[in-house]
There are 4 protein chains.
Amino acid sequence: MDEFEELFNYHWQGEGSPYEQLSEKQWNILKAALKIFLEKGYSATTTNEIAHAAGVAEGTIFRHFKTKKDILLATIIPLMQNLVGPGVSGSLQELLVENEDLPLEEVFLIIMEDRQKHVQRILPLLRVIWVESNYHPELKEALMNGVILPSKKFFLRFIEQRQERGELRQDMDSWVLARSLVGVFAFYLISLSLFPDTGERQQNREAIKGIIQIYLDGARSSRE
Amino acid sequence: MDEFEELFNYHWQGEGSPYEQLSEKQWNILKAALKIFLEKGYSATTTNEIAHAAGVAEGTIFRHFKTKKDILLATIIPLMQNLVGPGVSGSLQELLVENEDLPLEEVFLIIMEDRQKHVQRILPLLRVIWVESNYHPELKEALMNGVILPSKKFFLRFIEQRQERGELRQDMDSWVLARSLVGVFAFYLISLSLFPDTGERQQNREAIKGIIQIYLDGARSSRE
Amino acid sequence: MDEFEELFNYHWQGEGSPYEQLSEKQWNILKAALKIFLEKGYSATTTNEIAHAAGVAEGTIFRHFKTKKDILLATIIPLMQNLVGPGVSGSLQELLVENEDLPLEEVFLIIMEDRQKHVQRILPLLRVIWVESNYHPELKEALMNGVILPSKKFFLRFIEQRQERGELRQDMDSWVLARSLVGVFAFYLISLSLFPDTGERQQNREAIKGIIQIYLDGARSSRE
Amino acid sequence: MDEFEELFNYHWQGEGSPYEQLSEKQWNILKAALKIFLEKGYSATTTNEIAHAAGVAEGTIFRHFKTKKDILLATIIPLMQNLVGPGVSGSLQELLVENEDLPLEEVFLIIMEDRQKHVQRILPLLRVIWVESNYHPELKEALMNGVILPSKKFFLRFIEQRQERGELRQDMDSWVLARSLVGVFAFYLISLSLFPDTGERQQNREAIKGIIQIYLDGARSSRE
DNA sequence: CATGAATGAGTGTTCATTCAT
DNA sequence: GATGAATGAACACTCATTCAT
């Protein structure tokens, strides 16, 4: 949890946050709820547990949130809204601006290493988002609007810029190019968690470099 | 459910199936259970519902399956064991053998169109597998041993063969090449279900061709 | 039940009682539970019945007692702890002190008449204790530590004192002397409940006098 | 169970037994049922278990015995009818006849040692009888008529004979004399199972001798 | 506004008994 | 007569939600 503390402070109390006006009590409840959701999943978490962890009475919870589901939405949705965009991933934007003039290989390497660290940090959160989105349309919608569509837009713009600069091929739809890049990297992250044995830092970097090289130059033998 | 009927018949009653010896009543229970699991997820499904849907008394369920969890495993694990391998994906093997001499572009296209149809068919099943694997180690293990590792082996061998033939670059680890291919295609499938608006058959084929082209020849502008 | 009311008040609410702090609702639940336990036995009693008899919802029971078994222990163990010792049998101690200088015959008579009244009063309780001790080791242990061993110690000391005073033979192990006394009297009580027809107050006293006389002077014909 | 085999053969198949006409299948069911009753108690035993242990189908049980309770009665009641009387304890009668001319001390010793062995052998049976008699009036009645009253009659007659011979005091009701003897010895047996640490064979004999001596000559100091 | 005791519908599971074969 | 699959009422226990204080 402690690892998330900073993240949450940012999301929940930052300027423009949907919870700017959150009372300390509400904040405690959400913090406690999230902590347990991440550990045991939503449905295995009881309101009683949340109340204890938040240091309030069980009834108090329902004074602030009409149902248990509301707590889920109130914890997850704001976090999703900041998963990409002005929040943490703002650093992504900044990374890109800072390194605008580096060759593609190096920019990709920087981005991917940054994203890898980020994803590994918020893995439990992603798991809950993924699971509960299947049962709560509100979450699915927020996931779409708060994460997926912005990410899509972000990557499309990035790809298009590089196409315009002549660094990426222009005979191909930008969405196809973007999707391949994301797919290749996303699956790399997934395979890391599936096969945790491989994973020395140095190996990681080489693996990412390999991915980038294939993405940029193709898998085909140069003989052909 | 009806869409799964044929699939289940195949998995559960085919020769050598773990459920060859399934009684009709057991089959009804599993069919009913699966139907509801796919709709509402495992934990939101009550044994009472399953009993009603299967047309048996609640007690009957527990005569055939010791616990509700056993029903989950008995529905999901056999299906997983056939997700890849001698079952449905046997067609994958056959596809490869049949088209061994075609150029890579065409083999990839055939495989991907086949897999796309298959995955879209079993999407609700994949959802349940994905969600419940988080809570039931038996499922996670079956997923790993029955699907993930065999798939990995299968694709590695395929890639290595093509490397040996000189069709794919040999200066790169086969696992990196395989992972990129799978990632690129997996994410294509995911994005199809996320953005269902795009998806005319003809468009699909073009999109897949684009993916393959990027994978083989790279995303880099040829000017460079 | 009414006959136990006074007894329970004593045990559960007396000073130093393990239930001094019992809320009224808890007390109602325990009272209701005990009433039914005494009538039908533990396992034939349902939590639903207890709830109704206590005038609370079934869920309320489990807010106060984690399991049905806990209710059993919470009713029985405190009662056992007072079966002998500072509680009801405190009167035993006092009886002995008060009548220290009376001849053995008279002391025995006083004790036995007192115990007889006590045992007859708590007969249904003894039945439950006896039966359930076979299934619940906690009860067996409490019975041993709370009733049997203290009783043994108590009687041994009494016998030894009388041996020292020269009132009881010293050529015999005190435990043998004590055991005979208790056995003789316990079986008298048991036979009273087995053959309830005999049992006029006057007859009782004569019977007890007979027992005492045999114990003290022997069953052998004086001719020998 | 093997230790009971002989006993059961005697009870159930002996001449005049209520089960003389028992079919082999019924006998198997009863044998299996008793075995499990003795191990786990009546209510913890399922008809399914009995069926398996007896090697018959569950339905078959109910063809021979209307309810599970009937099985209990059919196992326990015949055994009770032979607990005393012409059955095993017939040996008691014989013991008395054989040793008619021995002094009381020696007769008592022989009887008590015999009974002690017998009781220890059938302890699990006694436990079931004791527990279930509380819930099944039929058992209570059979216990009374089959064990308690015959035993009472038996001991009364024995005592009366010895009174007539002048070996036991005649100034005392025979029932009081008998009850004391039985109580003293019964409690000795109970205390043996409560405090199992004491119990070397030699010690046992000495303890029994002590009991007999007190019973015959009294606990009072001879000084008085 | 905060509390936490009370609720009661709902849960998965058991098992003596029935009955079509 | 024997079977064993089917039954369904009953069970102890859970937990999100309510509401009097």
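Letters go in sequence order (proteins before strands), and every chain restarts at 1.
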Problem set entry | Nearest-nucleotide comparison on DNA chain E, the residue closer to the 5′ end among Lys25(C) and Lys69(D) | Lys25(C)
Problem set entry | Within-4.5 Å side-chain heavy-atom neighbours: Leu73(A) and Phe65(A) | no
Exercise. Is there side-chain contact between Leu34(D) and Ile76(D), with heavy atoms separated by less than 4.5 Å?
Worked result: yes
Report the distance from atom [atom1] of [X] to atom [atom2] of [N], rounded to the nearest whole Å.
{"X": "Ile50(D)", "N": "dC15(E)", "atom1": "CD1", "atom2": "C1'", "value": "12 Å"}
{"X": "His64(B)", "N": "dT13(E)", "atom1": "NE2", "atom2": "P", "value": "16 Å"}
{"X": "Leu72(D)", "N": "dA16(E)", "atom1": "CG", "atom2": "C1'", "value": "14 Å"}
{"X": "Phe65(B)", "N": "dT14(E)", "atom1": "CZ", "atom2": "P", "value": "15 Å"}
{"X": "Lys66(B)", "N": "dC15(E)", "atom1": "NZ", "atom2": "C1'", "value": "14 Å"}

Seminar exercise, completed: chain C reaches DNA chain F, atoms under 4.0 Å from its heavy atoms, from dC11(F) to dT14(F)
Exercise. When we call it a touch if two heavy atoms are under 4.0 Å apart, what does His52(A) touch: a base, just sugar-phosphate, or nothing?
Worked result: nothing
For this session: Classify the nucleic acid contact of Thr45(A) as base, sugar-phosphate or nothing, counting any heavy atom under 4.0 Å across all strands shown.
Result: sugar-phosphate
For the pair [X] (side chain) and [Y] (backbone), establish whether a donor and an acceptor sit closer than 3.5 Å, ignoring hydrogens and angles.
{"X": "Lys68(C)", "Y": "Tyr42(C)", "result": "yes"}
{"X": "Thr45(A)", "Y": "Gly41(A)", "result": "yes"}
{"X": "Thr60(D)", "Y": "Val56(D)", "result": "no"}
{"X": "Glu141(A)", "Y": "Glu138(A)", "result": "no"}

Exercise. 5'-most contact on DNA chain F: Arg63(B) or Lys68(A), nearest heavy atom basis?
Worked result: Arg63(B)
Exercise. Mapping Phe62(A) and Thr67(C) to their closest nucleotides on DNA chain F, which lands nearer the 5' end?
Worked result: Thr67(C)
Within the sub-3.5 Å range, which N or O atoms of nucleotides 8-10 of chain E have a protein N or O partner, and how far apart are they?
residue : atom : partner  : partner atom : Å
dG8(E)  : N7   : Gly59(C) : N            : 3.3

Problem set entry | Pair partner, dA20(F) [Watson-Crick or wobble, under 3.5 Å] | dT3(E)
For this session: Tell me the partner of dT13(E), counting only Watson-Crick (N1-N3 plus N6-O4 or O6-N4) or G-U wobble (N1-O2 and O6-N3) with both under 3.5 Å; none if nothing fits.
Result: dA10(F)
Problem set entry | N or O in side chain of Thr47(B) less than 4.0 angstrom from dG12(E) OP1/OP2 | yes
For this session: To the nearest 0.5 Å, tell me how far Ile50(C) CD1 sits from Lys35(C) NZ.
Result: 12.5 Å
Exercise. Does the pair Glu49(D)/Lys40(D) count as a salt bridge with the N-to-O cut at 4.0 Å?
Worked result: yes
For this session: Apply the test salt bridge (charged side-chain N to carboxylate O under 4.0 Å, His left out) to residues Lys140(C) and Glu132(C): give CA-CA distance (whole Å), side-chain angles for both, the deciding distance (0.1 Å), then the verdict.
Result: CA-CA 8 Å; Lys140(C) 182 146 249 158; Glu132(C) 298 309 328; over 6 Å; no
